[in-house]
2 protein chains.
Amino acid sequence: MDCLISRFGDHVGEPVTVRGWTHNVRSSGSIAFLQLRDGSGFTQAVVSKEKVDEASWLAATSATIESSVVIMGTVSAHPKKEEVYELQATAVELLQRAEEYPIGKKEHGPDFLLDNRHLWLRAPSQWAIQRIRDTIIHATYDWMRDHDFVKIDAPIFTPNACEGTTELFEVDYFEDRKAYLTQSGQLYLEAAIASVGRCFDFGPVFRAEKSKTRRHLIEFWMMDAEAAFVDHAGNMDIQEQLISFIVGQVLTRRRTELQILERDVKPLENVSPPFYRITHAEAVAKLNELGSDIGEMDDLGADDETLLTRQFDKPLFIEKYPAAVKAFYMKRDTSDPTRVLNSDLLAPEGYGEIIGGSQREDDYDALVARVREHNLPEHAFQWYLDLRRYGSVPHSGFGYGLERIVAWICGLPHVRETIPFPRLLNRLEP
Amino acid sequence: MDCLISRFGDHVGEPVTVRGWTHNVRSSGSIAFLQLRDGSGFTQAVVSKEKVDEASWLAATSATIESSVVIMGTVSAHPKKEEVYELQATAVELLQRAEEYPIGKKEHGPDFLLDNRHLWLRAPSQWAIQRIRDTIIHATYDWMRDHDFVKIDAPIFTPNACEGTTELFEVDYFEDRKAYLTQSGQLYLEAAIASVGRCFDFGPVFRAEKSKTRRHLIEFWMMDAEAAFVDHAGNMDIQEQLISFIVGQVLTRRRTELQILERDVKPLENVSPPFYRITHAEAVAKLNELGSDIGEMDDLGADDETLLTRQFDKPLFIEKYPAAVKAFYMKRDTSDPTRVLNSDLLAPEGYGEIIGGSQREDDYDALVARVREHNLPEHAFQWYLDLRRYGSVPHSGFGYGLERIVAWICGLPHVRETIPFPRLLNRLEP
């Protein structure tokens with residue numbers, strides 16, 4: 001019977017067939033040990049020359065790193081380690097003997113590994129990251145369904161920019177028109193809430209940004225959520241519930257993977273509502289104390305975020321930024337109209353921004369004024385302004401950057417490993 | 001207490017607050033009926049002049065179509081109809097009185113409706129379609145997780161075409177390079193199976209195709225799945241299980257929405273394994289009987305698919321197409337090397353292709369030969385060929401077109417309504 005390595009615990013003492021790859025091979029005399037992986041997990045197959053036929057022994061001893069194999073055997077429990085199992089082989093078939101594998105045990109530089117991304121994905125660390133990413137994605141879908149958010153796929157091709165025209169990728173559409181690749185589905189979701197009440201999208205977005213940092217990719221995945229009848233405070237409540245649920249799911253379902261990454265899970269176990277909430281003014285004061293020269297009405301830079309989040313033991317909302325540094329659609333704070341009802345959610349341990357959100361301006365006249373102040377093409381925003389003419393409601397939303405959340409939860413220094421095939425300034429391949 | 005209309009059944013006799021939009025309004029004398037929707041469902045609020053204060057009565061009677069309102073009241077069960085509830089209003093607040101709504105009860109042409117897509121989404125039919133689309137998406141994620149498929153997000157920016165260079169959108173990348181927008185994540189998933197065993201992606205794909213048909217969009221969503229150690233027959237088993245699960249989830253969770261669309265659910269209730277399986281040769285023979293002039297080694301056209309699927313009462317696999325009309329990566333049928341181990345899955349009731357899949361060529365030499373036969377740039381496929389050098393395994397996969405599945409399950413004649421903001425030859429807005 002075919003059996004995934006991850007299910008060995010249910011089949012101790014039973015004969016099974018495992019199909020996978022030899023991660024490593026060593027033999028001494030009449031015994032060979034094949035480190036085996038099948039996509040679900042890792043195990044060791046023990047092949048004893050006396051217990052298998054000649055063809056099997058030959059297959060086992062000629063298997064190279066990353067050869068594909070089919071191994072029949074009996075599942076045995078490790079005599080000392082709990083939840084560790086081995087396969088006592090009864091037959092070994094070599095499907096394809098791999099050529100000398102380019103990724104060895106020595107240290108490789110990031111360029112070499114990224115050039116071989118199609119193979120590097122097989123490394124235990126990369127396997128673990130992708131499975132954690134998968135769990136973060138599923139947790140998001142589950143949470144959204146359980147909280148009445150409907151998936152609304154915003155378009156990728158857009159006729160104009162959501163927040164200005166810089167850093168946009170341009171495409172020749174039909175009839176001599178230009179299309180631009182989306183940077184956020186938000187405006188479209190604002191239309192959809194008047195149909196479905198609450199909605200989210202989750203798809204790729206694109207930034208033609210020439211900066212090389214450990215937090216930026218040219219192509220990355222973003223989850224936008226938008227809800228009618230939710231105000232600024234309610235918006236933060238939703239975010240902290242969602243993020244706490246995601247972290248909880250990873251801790252429950254991906255313990256093995258976190259161990260492979262040597263991730264200290266203590267800071268993750270601490271992630272539960274309420275998160276810290278401070279104002280931008282408080283953040284600036286704190287940063288000045290810590291030695292930053294950030295000004296009262298400045299946006300936070302990446303260094304500021306790092307500095308600040310090292311001071312906190314769980315995620316931190318910074319709310320009410322100066323209107324001047326934020327997008328046109330954010331609703332002003334009535335108690336201080338120079339500020340907006342927004343929040344950035346910063347992950348602890350120096351990770352910085354993972355979510356940006358705000359209550360949206362729902363008043364037609366105020367929004368028209370903002371569009372003009374920002375010198376945006378008014379005709380292109382007619383449909384968006386329409387939403388304030390036909391049943392406008394208070395509403396809020398936010399967007400999370402998947403790769404930043406993966407990097408934080410996995411404890412990675414750079415986002416480039418968080419996505420299967422990263423697209424960087426100098427990298428479009430494989 | 002705030003209560004979604006969809007949860008009225010649990011709150012009969014209780015005081016609730018509903019926040020939503022007045023879908024329609026009529027009043028006669030001292031009673032007003034507000035047709036109300038809140039994104040979760042539809043209900044009627046009954047406002048009696050005697051039972052509410054003056055401000056509430058004024059709000060109720062001045063509400064226009066698509067005004068936003070907050071109504072407090074008591075949930076009551078319809079005296080005759082099961083599972084139908086009303087709201088006996090005690091207070092009405094008008095949040096924003098909508099201007100005259102452009103979409104009326106008269107028939108509008110598709111261009112007008114698509115120009116107003118940001119508002120048209122609110123129509124009950126469009127609400128129902130998007131909620132069914134949401135359920136199809138969630139069902140897919142659930143099924144994939146339950147069957148050990150890991151989500152692997154294939155890149156959108158690709159350096160070359162998967163199946164030739166026609167119909168590709170081109171983007172200026174950095175350093176004078178061109179990138180192309182993906183048409184399928186398949187090749188990347190083939191790399192990832194050697195890490196995670198089984199995987200899927202689910203994202204937007206792009207086709208710069210000038211044909212206008214009821215089955216085509218410029219930008220649409222595709223789910224690709226790929227599995228190691230699965231052969232052609234196993235590949236079809238996976239597809240019929242997945243599709244049956246999806247249809248079952250819609251039937252269970254979206255009865256109301258199917259009713260709004262007046263969808264005959266009988267054909268959907270019939271969707272369970274096994275699906276019909278015929279060869280391409282059998283399909284051609286059948287089509288010739290039915291009057292089509294399709295040749296022995298021709299691909300099926302859309303008309304052929306429509307003609308054929310009207311003859312079957314559940315989905316139909318057509319397998320083993322001529323190699324000449326299919327992609328280079330498909331494995332040849334050893335019993336007839338002019339044919340490939342592929343299958344197209346056709347939805348019944350005239351809908352036609354919803355999935356294309358195949359076993360993939362896993363032999364290095366055979367694949368190199370195919371790349372050359374198809375005049376593909378060999379250097380660009382080096383990484384893909386690598387997968388056959390390091391632990392090649394038999395493997396198969398398939399891709400489904402989300403919008404075609406939505407169209408079929410909803411019983412829609414055209415895919416343009418199946419996606420929130422369709423992108424067509426002449427349409428990039430809103």
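Just so it is clear: chains get the letters A, B, ... in the order the sequence lines come, proteins before strands, and each one is counted from 1. These values consider heavy atoms only, across backbone and side chains, with no hydrogens, waters or symmetry-generated copies.
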### Non-neighbouring partners of A:R416 that pass salt bridge (Lys or Arg N to Asp or Glu O under 4.0 Å), sequence neighbours left out
none

[X] versus chain A, the contacting section by heavy-atom distance below 4.5 Å:
X      : answer
B:I137 : side chain
B:R253 : side chain
B:I65  : neither
B:A179 : both
B:L94  : neither

### Query
Do A:Y101 and B:Y390 have a side chain donor and acceptor closer than 3.5 Å?
no

### Summary
Sequence neighbours excluded, the answer for ring pair (Phe, Tyr, Trp, His ring centres under 6.0 Å) partners of B:H216 is none

#### Entry: Spacing of CZ belonging to A:R133 relative to NZ belonging to B:K151, to within rounding of 0.5 Å
7.5 Å

### Message
Do the side chains of B:R145 and A:D134 get close enough for a salt bridge, i.e. N-O under 4.0 angstrom?
### Response
no

### B:R389 bridged to A:E100 by N-O distance under 4.0 Å
no

### Task
Would you please test A:D38 and B:R198 for salt bridge (Lys or Arg N to Asp or Glu O under 4.0 Å) and show each step?
CA-CA 10 Å; A:D38 71 348; B:R198 300 174 155 212; over 6 Å; no

### Task
Could you check whether the rings of B:F169 and A:Y173 sit parallel, tilted or perpendicular, using 30° and 60° as the cut-offs?
parallel

